[in-house]
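Whatever order the structure lists ligands and atoms in, that order sets their numbers, starting from 1. Model, not experiment: these values are computed from the prediction.
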Amino acid sequence: MRDTELYKHLLGLLEPWEVSRVELSVDESRVNVWAEHPRRTRFTCPECERELPVYDHAEERSWRHLDSCAFFTYLHARVPRVECPEHGVHQARVPWAEPMSRFTSLFERLAVDVLKECDVQGACRILRVSWDEGWGIAERAVARGLLRRGTVAPVHLGVDEKAAGRGQDYITVVSDVDAGTVVHITDERKEASLDAYFDTLAPEQLAGIKAVAIDMWEPYASSVRAHLAEADKKIVFDRFHIMKHMGTAVDTVRKAENRRLSAEGNDALKGTKYLFLYSAENLPERHAERFGALRNSDLKTARAWAIKEDLRWLWDYIRRGWAEKHWQRWYFWATHSRIQPVIDVAKMIKRHYEGVMTYFAHRLTSAGAEGLNSRIQAIRVQARGYRNRENFKTAIYFHLGGLDLYPTAA
Ligand SMILES: [Zn+2]
């Protein structure tokens with residue numbers, strides 16, 4: 001088989017394109033392949049698909065293709081231009097790449113797969129592209145995926161704020177609770193941030209939203225009320241967010257108590273931050289002994305933790321009536337604990353009580369929210385290289401958007 005024929009097959013070139021020449025440069029670890037079409041081939045106008053004769057050819061361009069046996073492989077061609085009576089002179093589409101891309105679609109496909117598996121730096125090393133090239137592929141993939149998907153209104157919506165950078169820089173993340181995917185991201189955590197999502201939806205899409213899980217955060221609640229009918233029956237102040245507030249309260253208690261004990265030379269709470277953040281069933285075995293002693297001690301922190309853990313049971317009841325009894329007992333205990341951070345959270349929950357109890361109408365589990373939250377957290381940690389908020393948003397869509405990211409051609 002001739003090398004040109006071989007490369008026509010390796011590259012998967014489609015008719016009418018043929019390989020006219022192959023050159024190997026061992027010094028540069030490079031294979032250069034030129035593609036041509038036979039004379040008098042007709043191409044279509046990219047705007048209207050009308051078949052037209054070739055008008056002329058653009059300058060030669062190159063596309064990075066999949067490596068051949070660890071050799072960089074570049075495809076070169078002069079793209080034909082057609083003159084459409086309606087749309088003027090345009091470059092015809094080539095079957096191996098999307099317009100404007102400097103990579104073939106097969107290469108972009110591989111790049112998307114590699115970017116899914118590792119961080120951007122790692123992916124760029126494996127693919128032997130620059131950071132900007134690798135990131136450019138991810139950005140185009142997200143833009144293409146969002147365009148294909150259009151607007152979506154899940155039946156069960158989750159809304160969450162996420163710190164996007166240092167200080168008070170936040171984004172609002174809207175998710176599909178059942179699918180565990182991110183459907184929309186906007187800047188900041190204001191009422192307008194969530195409005196921006198609702199405003200993309202048609203009335204019948206808005207009507208299809210049955211429940212919205214949010215934190216006890218007035219701007220989000222106001223936005224839901226402004227956009228959904230009977231909003232108060234649909235708002236769920238969910239377990240994930242409530243338990244996060246309780247976790248923060250326990251940590252505040254622990255910090256203060258640790259400071260006091262340390263001043264007396266007592267190290268009982270030193271280095272225990274993460275022990276108290278675990279829920280009882282998730283505590284790793286290696287910490288069991290130390291934590292067992294701590295939780296049975298008469299420390300304030302141990303009491304705050306026990307109160308927090310007891311609240312978790314609220315969402316395990318089948319019937320709302322039983323949950324309400326549990327709540328009354330719990331609220332009495334929490335508000336009589338003489339632990340101010342715990343009392344504060346208990347009162348905040350009570351102010352939002354009706355929206356907590358809507359859980360029993362919708363049964364929105366928080367597993368999805370917890371899973372998404374930890375995955376966004378992982379993207380953030382990995383995202384030292386994301387440089388800015390827009391890149392962070394792109395990365396979230398790329399990994400968690402459930403989008404079809406592949407290029408169309410090839
Ligand atoms: Zn046309």
Side-chain angles (χ1 to χ4, degrees), residues 4-5 7-22 32-66 73-113 115 129 132-152 183-184 199-202 204-205 390 393-394 397-398 401-410:
T4 50
E5 190 64 14
Y7 262 91
K8 182 181 172 176
H9 289 293
L10 287 180
L11 264 48
L13 273 195
L14 298 172
E15 297 296 334
W17 291 91
E18 307 266 348
V19 172
S20 60
R21 185 155 58 103
V22 179
N32 291 304
V33 182
W34 280 266
E36 275 180 16
H37 61 84
R39 282 150 115 12
R40 281 195 281 280
T41 307
R42 290 165 74 86
F43 288 87
T44 55
C45 166
E47 302 284 325
C48 67
E49 312 265 297
R50 189 192 310 237
E51 244 192 40
L52 297 158
V54 173
Y55 172 73
D56 66 357
H57 287 85
E59 296 263 300
E60 183 178 298
R61 281 179 58 197
S62 309
W63 294 264
R64 167 96 184 268
H65 195 52
L66 297 173
T73 302
Y74 286 87
L75 181 61
H76 308 270
R78 294 186 62 187
V79 179
R81 303 202 305 163
V82 291
E83 186 181 27
C84 175
E86 201 176 330
H87 299 102
V89 177
H90 279 288
Q91 283 196 16
R93 287 257 166 81
V94 291
W96 58 79
E98 295 206 322
M100 312 304 290
S101 179
R102 291 152 61 213
F103 301 94
T104 66
S105 296
L106 282 173
F107 186 90
E108 289 205 35
R109 244 185 131 74
L110 171 72
V112 165
D113 288 340
L115 283 159
V129 296
D132 287 335
E133 289 173 326
W135 187 248
I137 290 175
E139 279 180 328
R140 281 200 302 280
V142 165
R144 172 196 300 140
L146 288 174
L147 196 67
R148 272 181 199 152
R149 191 206 60 184
T151 62
V152 276
V183 301
H184 202 263
D199 291 344
T200 66
L201 303 178
E204 58 275 18
Q205 284 181 304
E390 288 311 307
K393 283 152 74 174
T394 301
Y397 277 130
F398 186 88
L403 300 170
D404 175 6
L405 297 167
Y406 291 130
T408 34

Exercise. Indicate whether the side chain of Glu98 and that of Ser105 have a donor and an acceptor atom separated by less than 3.5 Å.
Key: no
Quiz prompt | Geometric cation-pi criterion, Arg109 with Tyr406: 6.0 Å, 45° | solution =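 Yes, a cation-pi geometry.
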Quiz item: Any idea how Trp63 and Trp96 line up, ring-wise: parallel (<30°), tilted (30 to 60°), or perpendicular (>60°)?
Solution: perpendicular
Quiz prompt | Metal site the Zn ion (ligand 1): N/O/S of Cys84 inside 2.8 Å | solution =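 Yes, within the cut-off.
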Exercise. Among Arg144, Arg64, Arg102, find the residue that satisfies the salt bridge (Lys or Arg N to Asp or Glu O under 4.0 Å) test when tested with Glu108.
Key: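 It is Arg144, the one option of Arg144, Arg64, Arg102 that forms the salt bridge (Lys or Arg N to Asp or Glu O under 4.0 Å) with Glu108.
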Quiz prompt | N/O/S atom name from His87 that is nearest to the position of the Zn ion (ligand 1) | solution = ND1
Practice problem: To 10°, measure the SG(Cys45)-the Zn ion (ligand 1)-SG(Cys48) angle for me. | Solution: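 Rounding to the nearest 10 degrees gives 110°.
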